[in-house]
Each structure stands twice: as C-alpha cells, then as structure tokens.
Amino acid sequence: MRLSQMLFVTLREDPAEAEIPSHKLLLRAGYIRRIASGVYAYLPLMWRVLQKVSQIVREEMNATGAQECLLPQLQPSELWQESGRWETYTKAEGIMFALTDRQERQMGLGPTHEEVITAIARDCIRSYRQLPLHLYQIQTKFRDEIRPRFGLMRGREFIMKDGYSFHTDEESLKQTYADMDTAYRNIVRRCGLAFQAVEADSGAIGGSGSQEFMVLADAGEDEVLYTEDGSYAANVEKAVSLPPEAEPSPFATYEKRETPDTATIASLCDCLNCSPTQVVKNVLYQAVYDNGTTVLVLVSVRGDRDVNEVKLQNELTRRAGDYDAIALLSLTVPDADAQQKWAANPLPLGYIAPDLADDYIAKQKDVAPKFLRLADKTVENLQSFVTGANETGFHVVGANWGDQFTLPPVVDLNKSMAGDRSLKNSEQVLQTARGIEVGHIFQLGTKYSEAMGATYTDKHGKDKPLVMGCYGIGVSRLAQAAVEQSYDKDGIIWPVEIAPYHAIVTVPNINTKEQMEAAEKLYAELNAAGVETLLDDRKERAGVKFKDADLIGIPYRVVTGRSISEGKVEVVDRATHESRDMAIADVVPTLKQWVEEALAR
RNA sequence: CGGGAUGUAGCGCAGUUUGGUAGCGCGUCGGCUUUGGGAGCCGAACGUCGCAGGUUCGAAUCCUGCCAUCCCGACCA
C-alpha cells in the first residue's frame, strides 16, 4: 500500500479522551476512532492487526479440531428465558442490550452465545457417536458496560472468539479443556505477548474449573497473585492463601471497654493498644435476590483482612435456595439511605458484634427477618479477641467463640493479598501484578444443557445432558494489550506477528529520481517476497515520515536516502532504533529472513 | 447508580470570575523558499461557543432544565 493513497491520519497531540498509553497511541496513530462511548471504528491499519490476531486464533483453534461457524448477534429472549438468564442479563445491572421489535418480540444483542449454541446442539446432536464436538466463532459481541473505558479494553462492542465444546462426560471435557489451555498459550505467545495463566472465578457464567490468560501490564484491570516458583497463580478474586498468624491476645478476661471514636480498625487498635489480628471485624452487606428478597448479611473477618466480595457472592448464590431464589442480583454495603429502608433502629456502625440482634431488622415483606451470619476462616481460631459491643463507643475484649459468641458457619471469604503465604507451599510468599484478561476458559458442565434440555443418547440408549465447556478470547482487547505491553516515547512497537505491515519503505525526498526508483523497486520486490510493505511516497519532509513510521510501529523501516548513490539503503529496527546501511540487493532476502524468523517463534 | 470534571474550528486549548458579538497552536487549502527527525515566510478557508428555555438593550460568559464525554468507585464469561 502507498501511504499517498491510504486513509492515513495521525495526530501530533494526545487526544483528550484517552488515558492509558495504548489507547492514546491507537488514536494518535490513526488505528481507531471513537464513534460512541465504548464503540470504535477499526480503521484500515487496525483491521489488518485484528485480522492477523484472528488468523492466529483460527489456526490454533483449527489445529485442535474445533470447527468455525458464525452465530447470530440478534437473539430471541425465549432462549435466554430457558436458561434463566434473561432477567439477570437485562434487569438491574444487566449487561445485555435488549430491544423490542415491531411485532412486540423481545430480542437481545448477544453478549455471549451459550444459549444459541446450546439450542443448536439440542437440535443437531443426537448420539454419543457425534461427540465430542467443538464449535467456535469470531464475532462482534455487545455488552452494555456500565463504564466503558480504555478504548478497546472495555468496549460495549468488541470482537471476541468464543468456542463451545460438547462431551459425553467430564473426562472428555477435561481433555478439550487441556487442549484449549495449550491452544491459548500458543495464541498469546504467537501474538508476541508476555502472559500468565491464572486460576479464575467462573462468575455469572457458572461451572467449575476456570482459567484466565493475563497479559501483564500496569494498566491491567485485574490483580494477579502468584508465587516466585510458579507453583501458584490466581486472579485475586479467586486466590486462596494462608494469612499471617494472629498475634497472641493481651486480653486475659472478658470485659466491656469504653472506646470512643474508634469506628475504624486502626483507631480501635490504637485505643486498645492491640493488633488488628486480635480483632473480629463485622461487615454488613445487603444482598438482593432475583425474587425480590433482600437479605442482610453479617460477615465476621479478622481485623487485618478484607472480605473477598466475589467469594461472598458465590456463597450467597449457593444459598439462594434458602430464600426461594435462583440468582443473586446485587450485593452492596448498605449506605444510610439503604439502611433506613429496613432498619428498625439506628445501627451501632463501627461497633457491631457477631451477635447483632435480629430485631434491628424491621418486619416487612421481601426482607429476610434474620441476619445471615457468616465467619471467615481467619476468625475461626481466634481466642480472647476484641469485637464490637453493639453499642456506639464500646467494644468487648477477651471474647471467645462458644463463651460469649456463637461461631457462625465458617466459609473462606478472605481476600488474599501480596505477602500472604501460598497454600501449596508455605515457604512461598504471594507476589502481586496487574494483568489484562485476554482469554478465559471454563468447564461449564451441564448447567445450560440441563436448563435447555440439550441431551444425547448414550451407548446404552439412555438420554443424558451434554457436558459443556466454553472458551473465550478477546481479539480486539488482545490487540490493544499488545500495544500496552510494547511501546516507547515515539509510538507503538508491534510484534512482527501482528503488525499491520512488516516493513515500510521511506523515501526522504520524492523529487530525487534515484530515491524514488530504488524505493519503488524495493516496495514491489518486498511485497512479492511476502514481506508486507508500505511505501511512504507522500509529499512530506523526511522528518515527518520518520515520526509517522515510528508512531504507527512498523517493525522494519527501509530508507532510500543518503547512501543511495553508493547503491545502499538504510534499514532501521523500530524496537531498538538500530540502523545499518545495506546493499540494495541484500534488503529483500534479509528482511524476508527476519520476518520468517519472527513468525516462526 | 454514587462522587468528581469537561463540552468553544478537524485535533489540543485560552476566553467564562468582572456580559459588549470569538482567539491561539497544530492540522487543512494556495504560493515561494527549504529538503534526514513533526520546516520558514506570505495568503486563505473552516464556529448553530453541547442542546433547549430564561434574564438582559446585548449571553460563550449569568440562571434553569436536559444531553454527551472522561476520571474514581460500584459493576464486569
């Protein structure tokens, strides 16, 4: 492609709308344009990058035996009602764009395709002889994110590869899941990125095992905890760990103490001269289920720890049946307004004990009359601990489970942090890093097939639900993550594997016949040799062309400049700015070799 | 949805406090010179000042309502 004929618009200044480097650079270098919040146009350079990422994904998927297809974006509400997700995905904090057509039919724009694919499987899969089967697509997805951000990182419309596998049993599922683990590692590696595979929470999609593929970058929205020896890595949402031991309690006897203005753990420890590890902190949450029932949850954790709200959500979802509900709609820390709706009396905030009386909850429909009390493992073995006295300005010290307080059901609700010890090997201490989630693989099991009646006939002639897995990779997100991981003050540095072009031939002065002729020849021969090459034949000064070439991040630059009269051109490596003079005849074979070497990685 | 901020030329911004009819830099177009790291000079075009009301002789500027965008949080296969 000739730059003189291409839609090529770069910006000299950072656009005000962008915050992180990759977003600024993609806008400045003319790769993307924002059309609405979280909605972007992929301009010609970006589209080439996305196609390259897609092609790598396609090759690795096909290699595992998965088959490509294309599923509809516009989906009927009926399918989502069958799986039970219509309400949770469209109501309240739902992320599905929903619409009503002219026949008053309810439709949604697909944020994911479990329902559609399960419907297809229900129709097409009859026998165990057809299994296992793995279908995937590379498709635009729609999610009404509450707060889109960082360009393509969290958009409301984005490109994703999603695959769904069907099996007779868990064992077959685990085989495909393992194949996907390998395929995903290949994909991210082939895209030239440094990454970490981590244990993950499976969230609203459900299922058992799940793993995320994190591209490591400071702008990442997720926190990853890992051990130095590589034996453990997990998303902080999922991470388990061994917190530091509690310090022995200085309080020998149980008594109530006056502790004015100690609503925070730090001020309390100051006042009583004790360690946060001797305190039982009681945190109040408000859960709302899909049947409209509100449940007040009182969680007891050690004073130096935080509640992992994802773990709490999962626990509350498990307990949905206790309240005749199916799904949890929201989980919040109730503010003053929210408390007023159900509290019979003002709560002793900051001084709550694990036995806070249930009559703080005013009797009313849709509110569970008793607190759901839960204890994190960190408080289970505490002795002579400090906790609230249910009276503003007072705490109790020297308390014990079984004496003054009843230990609530114990669950792991601990939010792991850097510095904790690994459960796998207590010699290892957890480290922290930021990551961009570019891939996520799940063992779904029979959740959707059972809900939607997708069954097959086994060897013995019995109908059984299909065992499913699903596997996603964010194509547009991965492309931007690559920039986030690879740039310098001059612009983007694309890995050769996904760069929109491999090389750019820069003509410093298009009015010099020698320069133009050499450039035209190199441009034609490089492309013919399979080196995807741009020709900067614009009527611009050399400096402008160099700046633009650096900004858009093409891996190799060939300059037909100063030494042209000696039959030489300059070849510059974008990543290092390393430059060398090279005989014109050597350029094509050399670049061809460099590109082939890079692609073979 | 809670908190914060911003909307003025294609992009980045000043002007708003103190009301008087819109400006700077970059970019764009034309000309001359220049020609290896975002050139210089000369000339030109480009604005419903986010939208709608209101106050006023007069509103980018003051008031009210709305909309959009961005940041923090909550949310997020």
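Throughout, a chain's letter reflects where its sequence line sits, starting with A, and its residues are numbered from 1. Since the structure is predicted, the reported quantities are computational estimates derived from the model, not experimental observations.
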| OP1 or OP2 of G12(B) less than 4.0 angstrom from a side-chain nitrogen or oxygen of Arg12(A), does that happen here? |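 For G12(B), neither OP1 nor OP2 has a side-chain N or O of Arg12(A) closer than 4.0 Å.
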| query | For C72(B), does either OP1 or OP2 sit under 4.0 Å from a side-chain N or O belonging to Arg149(A)? | reply |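 Yes, such a contact exists.
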Atom-pair distance ([atom1] on [X]; [atom2] on [N]), nearest Å:
X         : N      : atom1 : atom2 : answer
Ile20(A)  : C72(B) : CD1   : C1'   : 15 Å
Glu13(A)  : C24(B) : CD    : P     : 16 Å
Ile95(A)  : A74(B) : CD1   : P     : 17 Å
Asp201(A) : C75(B) : CG    : P     : 12 Å
Tyr40(A)  : U69(B) : OH    : P     : 10 Å
Glu19(A)  : G12(B) : CD    : P     : 14 Å
Phe150(A) : C72(B) : CZ    : C1'   : 10 Å

Pick out the pairs of N or O atoms, protein on one side and nucleotides 33-36 of chain B on the other, that lie under 3.5 Å.
residue: U34(B); atom: O2; partner: Arg541(A); partner atom: NH1; Å: 2.6
residue: G36(B); atom: O2'; partner: Arg562(A); partner atom: NH1; Å: 2.9
residue: G36(B); atom: O6; partner: Gly561(A); partner atom: N; Å: 3.4
residue: G36(B); atom: O6; partner: Arg562(A); partner atom: N; Å: 2.3
residue: G36(B); atom: N1; partner: Glu570(A); partner atom: OE1; Å: 2.6
residue: G36(B); atom: N2; partner: Glu570(A); partner atom: OE1; Å: 2.5
residue: G36(B); atom: N2; partner: Glu570(A); partner atom: OE2; Å: 3.0

[atom1] atom, [N] versus [M]: distance in rounded Å?
N      : M      : atom1 : result
U64(B) : G47(B) : C1'   : 26 Å
A22(B) : A59(B) : P     : 12 Å
G27(B) : A44(B) : C1'   : 14 Å

| Can the ring centres of Phe166(A) and His134(A) be said to be less than 6.0 Å apart? |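 No, too far apart.
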| query | Would you call Arg562(A)-Asp581(A) a salt bridge at under 4.0 Å N-O? | reply |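 No, this pair does not count.
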| message | Working note: Tyr487(A) + Trp494(A), criterion ring pair (Phe, Tyr, Trp, His ring centres under 6.0 Å); need CA distance, chi angles, decisive distance, verdict. | response | CA-CA 8 Å; Tyr487(A) 67 90; Trp494(A) 286 112; over 10 Å; no
